[in-house]
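Written below as structure tokens is the structure these notes are about.
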Amino acid sequence: LSGGQKRRLSLAIALIKGPAVVFLDEPTSGLDSASASAVMGHLKRVAAELRIIVICTIHQPSTAVFNSFGSTMVLSDGNVVYNGSAAESIQYFSDIGRPMPEHTNPAEYMLDLVNTDFTDAKDVEQMISEWRTRGPMVEAPKLKDEPARTARAGILYQTWTQLRRQTLLTIRDPTLYLGRMIMFLLASCFFAVIYIKARERSQAQVTARMFLCIWFIGVPSSMGVIAVYALNQEFYEIKRELKNGFYHPISYLVSNTLIQLPYMILLALSSIGVSGYAIGNFNADAFLKTLILFTITFWSFECMAQVLSLVRNPLMGMLSYINFWFTAFLFGGFFAREKDVVWPFKAFVYILPLRWSTAAIVRTEFEDTLFDGALEAATPGGFECPNLAEGTICFGRTGRQVLKTLSLTFPLFDPTDTYWEELGYIVAIGIV
């Protein structure tokens with residue numbers, strides 16, 4: 001954008017709210033005479049069309065700009081030298097014995113007159129005294145009716161406009177999401193290769209498969225720290241716009257959530273698509289439930305990143321996010337059993353999302369599948385492992401049997417189906 005375009009854009013932003021009065025500080029600074037004249041002409045048209053008052057400070061305006069003024073006040077060290085119609089100012093200074101030479105810029109001539117650096121201070125004092133005795137008393141005009149106010153768009157239109165804006169911004173600069181997609185893919189594939197033997201649904205690989213699920217959902221969620229920094233940069237702009245009343249906070253929150261969810265789905269696919277189903281041999285029948293779970297979990301951590309982006313120093317916000325993520329990982333139920341955690345630390349088990357996410361992903365991946373090495377049998381557990389290698393635990397034949405045995409060590413993975421309940425907890429955490 002050129003200098004003139006930037007000025008006009010800033011004026012447009014200021015006028016979105018439909019103000020009754022607009023205060024401008026040197027709106028033509030840094031512009032050439034043509035751009036300055038265009039900006040001031042635009043202001044004059046806007047003031048007439050919208051019936052608003054435009055008050056601006058301006059230094060050394062061109063003749064064309066000066067002639068566009070309705071009223072002009074000339075100050076010297078805070079004292080009024082003239083205040084009235086711009087068109088009558090030349091005649092006033094002529095009446096007090098200071099006529100303007102021909103072919104002179106009126107504004108430059110007046111500024112030279114009242115500037116004590118170039119004019120005798122006594123002459124300036126005399127002009128101030130002249131105005132006090134000869135100048136008219138200025139009274140506030142009595143309006144017969146209120147200035148016309150610009151109608152504000154409804155909440156739905158604001159939301160739609162915000163949605164288009166956010167979409168355009170993410171398309172123009174996809175780094176925030178595209179970068180994480182690549183990192184999610186690489187990190188998850190790394191763990192899938194490390195746990196390559198866990199693709200076999202055997203008794204020896206049950207625990208390894210459990211931890212692979214945890215790494216898939218735990219490690220990518222830590223990368224939300226990147227969003228803290230990016231959203232911190234956006235926050236101050238949004239704060240200024242909300243303060244100026246450009247749109248309702250709800251329209252921003254709704255549009256931001258709507259634009260986030262598709263990207264959360266892409267992040268979820270990046271995390272489990274190749275690594276989970278191509279390498280890890282995940283349960284394809286549970287793909288949709290797994291995708292929803294990963295999407296909501298990443299969205300919940302994205303909400304956490306949004307809250308921490310409000311911290312003035314983005315580095316402190318990023319450090320806080322890492323601390324929250326580590327706390328969620330530590331109290332996720334697989335390092336320390338829930339019943340063994342003492343209060344008040346036990347609160348972290350419930351208020352952070354990983355405890356609910358890991359329980360749901362392991363249960364979703366294990367249930368309705370069969371594990372090699374075990375057979376159905378008339379035993380208390382309903383299964384036996386006749387050819388099991390020494391030192392290997394017999395977890396069970398069906399996924400539910402495996403989960404029940406696994407829950408003896410990790411109570412978090414009880415076979416009771418509470419998928420939707422856990423999903424609801426994650427959504428609630430994100431909203432809060």
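Numbers for residues simply follow the sequence, beginning at 1. Every value quoted in this text rests on a predicted model; they were computed, and no experiment measured them.
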> For Val311, does its backbone N or O pair with a side-chain atom of Asn232 as donor and acceptor, under 3.5 Å?
Replying inline: yes

>> Is any side-chain heavy atom of Asp372 closer than 4.5 Å to one of Arg397?
In response: yes

>> Could you tell me if the side chain of Thr290 sits less than 4.5 Å from the side chain of Phe287, heavy atoms only?
In response: no

>> As a quick check of understanding, evaluate side chain to side chain donor-acceptor pair (under 3.5 Å) for Asp25 and Thr57, giving each step before the final call.
In response: CA-CA 5 Å; Asp25 183 22; Thr57 61; 2.7 Å; yes

>> Please find the pair of heavy atoms, one from Phe413 and one from Met210, that lie closest to each other, and give the distance.
In response: CE1-SD, 3.2 Å

>> How long is the straight-line distance from OG1 of Thr364 back to CG of Leu291, given to the nearest 0.5 Å?
In response: 12.0 Å

> What pairs with Cys303 under disulfide bond (SG atoms under 2.5 Å apart), at least two apart in sequence or on another chain?
Replying inline: none

> How far does CG of Asn256 sit from CZ of Arg165, to the nearest 0.5 angstrom?
Replying inline: 10.5 Å

>> Would Val362 and Phe334 count as a side-chain contact (heavy atoms from CB on, under 4.5 Å) here? Give the steps.
In response: CA-CA 11 Å; Val362 171; Phe334 38 86; over 6 Å; no

> Nearest 0.5 Å, what's the CZ-OG1 distance between Phe211 and Thr358?
Replying inline: 10.5 Å

>> On a heavy-atom basis, which atom in Phe331 and which in Arg355 lie closest, and how many Å separate them?
In response: O-CB, 4.0 Å

>> Under a 3.5 Å distance rule, please check whether Ser407 uses its side chain to pair with a backbone N or O of Lys404 as donor and acceptor.
In response: yes

> After noting the C-alpha distance and the side-chain angles of Asp417 and Arg400, does the key distance pass the side-chain contact (heavy atoms from CB on, under 4.5 Å) rule?
Replying inline: CA-CA 10 Å; Asp417 186 6; Arg400 290 191 174 276; 4.2 Å; yes

>> I want to check something: taking the side chain as every heavy atom from C-beta on, are Phe335 and Phe329 in contact at a cut-off of under 4.5 Å?
In response: yes

> Parallel under 30°, tilted from 30 to 60°, perpendicular over 60°: which one fits the rings of Phe216 and Phe282?
Replying inline: tilted

>> Can you confirm whether Tyr277 is buried at OH, in the sense that more than 12 heavy atoms of other residues, nucleotides or ligands lie under 6.0 Å from that atom?
In response: yes

> What's the shortest heavy-atom distance between Leu293 and Ser357, and which atoms?
Replying inline: CD2-O, 3.7 Å

>> Nearest 0.5 Å, please: how far is OG1 in Thr297 from CD1 in Ile426?
In response: 4.0 Å

> So which heavy atom on Cys189 is nearest to which on Ile279, and how close?
Replying inline: SG-CD1, 4.2 Å

>> Please determine whether the number of non-hydrogen atoms from other residues, nucleotides or ligands lying under 6.0 Å from atom NZ of Lys197 exceeds 12.
In response: no

> Under 3.5 Å, is there a donor-acceptor pair between the side chain of Ser309 and the main chain of Gln306?
Replying inline: yes

>> A side-chain contact here means heavy atoms from C-beta on lying under 4.5 Å apart; do Leu352 and Ile429 qualify?
In response: no

> Tell me, do Leu266 and Met181 make a side-chain contact under 4.5 Å, heavy atoms counted?
Replying inline: yes

> Is there a side-chain contact between Leu370 and Thr398 (heavy atoms, below 4.5 Å)?
Replying inline: yes

> Is Asn79 reaching over with its side chain to a backbone N or O of Val81, donor-acceptor style, under 3.5 angstrom?
Replying inline: no

> When rounded to the nearest 0.5 angstrom, what is the spacing between CD1 in Ile393 and OG1 in Thr409?
Replying inline: 6.0 Å

> Are the side chains of Leu267 and Pro220 in touch, meaning some heavy atoms are under 4.5 Å apart?
Replying inline: no

> Minimum heavy-atom separation for Ala278 to Arg199, with atom names?
Replying inline: O-NH1, 3.8 Å

> Got a second to check how far Leu310's CG is from Leu231's CG, nearest 0.5 Å?
Replying inline: 9.5 Å

>> Given 3.5 Å as the limit, does a donor-acceptor pair link the side chain of Ser255 with the main chain of Tyr252, or not?
In response: yes

>> Would the distance check show the side chain of Tyr82 and the main-chain N or O of Met110 forming a donor-acceptor pair, the cut-off being under 3.5 Å?
In response: no

>> Does any part of the side chain of Leu75, heavy atoms only, come nearer than 4.5 Å to the side chain of Val80, both counted from C-beta?
In response: yes

> Quick check: does any side chain N or O of Ser320 sit under 3.5 Å from a backbone N or O of Met316, one acting as donor and the other as acceptor?
Replying inline: yes

> Would you call the rings of Trp356 and Tyr425 parallel, tilted or perpendicular, where under 30° means parallel and over 60° means perpendicular?
Replying inline: parallel

> For Tyr350, does the OH atom have more than 12 heavy-atom neighbours from other residues, nucleotides or ligands under 6.0 Å away?
Replying inline: yes

> Pick from Phe371, Phe366, Phe395, Phe383: which one makes a side chain to side chain contact (heavy atoms under 4.5 Å, CB included) with Gln401?
Replying inline: Phe383

> Nearest heavy-atom pair of Leu403 and Pro415: which atoms, and what distance?
Replying inline: CB-CB, 4.0 Å

> Tell me the side-chain hydrogen bond (donor to acceptor under 3.5 Å, both in side chains) pairs involving residues 203-228, sequence neighbours left out?
Replying inline: Tyr195-Trp215, Arg209-Glu365, Ser221-Trp325

>> The test is side-chain contact (heavy atoms from CB on, under 4.5 Å); show your working for Phe301 and Tyr321 and say whether it passes.
In response: CA-CA 9 Å; Phe301 276 97; Tyr321 181 92; 3.4 Å; yes

> Between Phe294 and Leu269, does a side-chain contact (heavy atoms from CB on, under 4.5 Å) hold up when you go through it step by step?
Replying inline: CA-CA 8 Å; Phe294 271 70; Leu269 287 172; over 6 Å; no

